[in-house]
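Step one of this worksheet: look at the structure below.
Order of appearance sets the numbers: ligands from 1, and atoms from 1 within every ligand.
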Amino acid sequence: MARETGILADRAISALFETGRLISERELDRDQIQPASLDLRLGSKAFRVRASFMPGPSHLVSDKLDRLSLHVIDLTEGAVLETGCVYIVPLMESLALPADMSASANPKSSTGRLDIFTRVITDYAQEFDKIPAGYAGPLYLEISPRTFPIVVRRGSRLSQIRFRVGQSLLGEPELLKLHESETLVASKLPNVSGGGIALSIDLAGDKDGLIGYRGKHHTAVVDVDKKDQHDIFDFWEPLYSRGRNELILDPDEFYILVSREAVHVPPDYAAEMTPFDPLVGEFRVHYAGFFDPGFGHAPAGGRGSRAVLEVRSHEVPFILEDGQIVGRLVYEHMQEKPMSLYGSGLGSNYQAQGLKLSKHFRI
Ligand SMILES: O=c1ccn([C@H]2C[C@H](O)[C@@H](COP(=O)(O)OP(=O)(O)OP(=O)(O)O)O2)c(=O)[nH]1
């Protein structure tokens with residue numbers, strides 16, 4: 001039985017398309033609907049703008065583009081987006097949401113792992129990545145590659161959207177109960193606080209002491225639509241613990257690290273990673289925060305899946321230590337169980353992962 005409130009599952013997302021609540025200039029791709037989200041596709045133009053902006057309560061995004069656009073890039077045959085530049089791309093999908101349905105967007109995990117900063121913008125937006133209940137209008141994606149230049153084209157999928165009716169976040173007592181029956185985070189002493197369950201960083205490393213990777217600068221371009229395309233070592237420097245189990249984050253660098261704990265999202269729930277404490281501004285651990293129903297779920301082949309963390313230090317160098325809490329997972333009810341779970345026949349790339357770079361790289 002479907003709940004009244006909760007995150008829409010795959011079946012309900014395809015119904016949105018059939019009933020004209022989700023509109024697209026072309027048919028959805030076969031694998032575009034995920035267990036609890038929809039991948040958003042780039043349209044055929046990118047506007048290179050001088051700087052990021054927020055439309056605010058009285059402006060359409062297109063008004064701002066008229067003023068701020070420096071150059072228009074055709075994406076039909078693919079184009080390079082350079083690091084350090086800001087682009088706005090109209091998305092193929094637009095919305096006509098019912099009054100009781102809102103949505104939120106996040107970069108896909110593959111996008112976060114490439115250090116591509118993306119945010120969805122709506123007309124009249126006062127917040128990024130948030131789509132208010134009842135929103136009717138176009139969607140735009142702000143894109144700013146930070147470490148590697150990228151190739152994108154019409155139809156590339158960098159961001160994803162979750163739809164929700166009402167609020168259905170689990171409170172701490174409910175979260176603790178679910179953890180007792182389902183082991184959400186494999187920790188002897190689970191830390192449930194701030195509305196979520198804590199994740200800590202692994203800096204002890206694997207049997208070779210590998211703890212993570214640091215992105216190289218001045219690399220070749222990464223085509224976001226191609227898997228197993230590049231040699232890891234052309235883009236990443238491996239990092240080893242060398243017995244100290246700590247890592248000094250340099251503010252100008254981008255790191256891929258991994259959680260100490262295995263993570264589990266049972267099929268009736270969706271999770272999202274949030275910063276450990278928004279007041280501790282020294283570092284941020286992720287761009288991509290959505291964790292799918294079925295991630296880390298043993299019957300979906302996910303036993304032992306860890307969370308891959310995209311880490312950046314802000315103003316000053318910062319020492320991360322093994323076991324330090326770096327984020328929290330908050331859990332929300334699904335409206336109903338998805339027809340397909342993460343990892344089961346969806347071509348999922350990160351089920352049962354340990355320390356794993358994005359799908360674009362090969363050893
Ligand atoms: O910071 C994050 C965010 C997500 N994940 C995991 C959980 C999530 O369920 C999985 C896949 O995420 P997403 O669907 O965003 O990735 P994708 O790039 O679309 O990959 P796939 O093709 O496997 O769906 O990666 C992480 O390890 N770290």
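The option with the heavy atom closest to atom 25 (O) of ligand 1, from among Glu310, Arg157, Arg113, Met273, is Arg113. The residue from Gly296, Pro35, Ser109 that puts a heavy atom closest to atom 5 (N) of ligand 1 is Ser109. For atom 14 (O) of ligand 1, the nearest non-hydrogen atom from the set Asn349, Asp292, Val258 belongs to Asp292. Checking Gly289, Ser110, Ser37, Ser348 against atom 17 (P) of ligand 1, the nearest heavy atom belongs to Ser110.
Counting the atoms of ligand 1 from 1 in the order shown, those under 4.0 Å from a heavy atom of Ala307 are 27 (O). Less than 4.0 angstrom separates some heavy atom of Gln34 from each of these atoms of ligand 1: 24 (O). Every atom of ligand 1 is numbered from 1 in the order shown, and the set under 4.0 Å from a heavy atom of Val308 is 1 (O), 2 (C), 26 (C), 27 (O), 28 (N).
Between Phe148 and Trp236, the ring centre distance stays below 6.0 Å. The aromatic ring centroids of His264 and His297 lie less than 6.0 Å from each other. Residues His333 and Tyr269 place their aromatic rings such that the two centres sit under 6.0 Å apart. The six-membered or imidazole ring of Tyr87 lies away from that of Phe47, with a centre-to-centre distance of 6.0 Å or more.
The closest approach between any non-hydrogen atom of Gln353 and ligand 1 is below 4.0 Å.
Qualifying salt bridge (Lys or Arg N to Asp or Glu O under 4.0 Å) partners for Lys226, counting only residues two or more places apart in sequence or in other chains: Asp223.
Taking the centre and axis of the six-membered ring of Phe290, the NZ or CZ atom of Arg162 falls inside the cone set by 45° and 6.0 Å.
Considering backbone and side-chain atoms together, Asp39 places no N or O closer than 3.5 Å to any N or O of ligand 1.
The side chain of Tyr342, and not its backbone, has at least one atom closer than 4.0 Å to an atom of ligand 1 (non-hydrogen atoms only; side chain from C-beta on).
Side-chain contact between Arg26 and Arg41 is present, with at least one heavy-atom pair separated by less than 4.5 Å.
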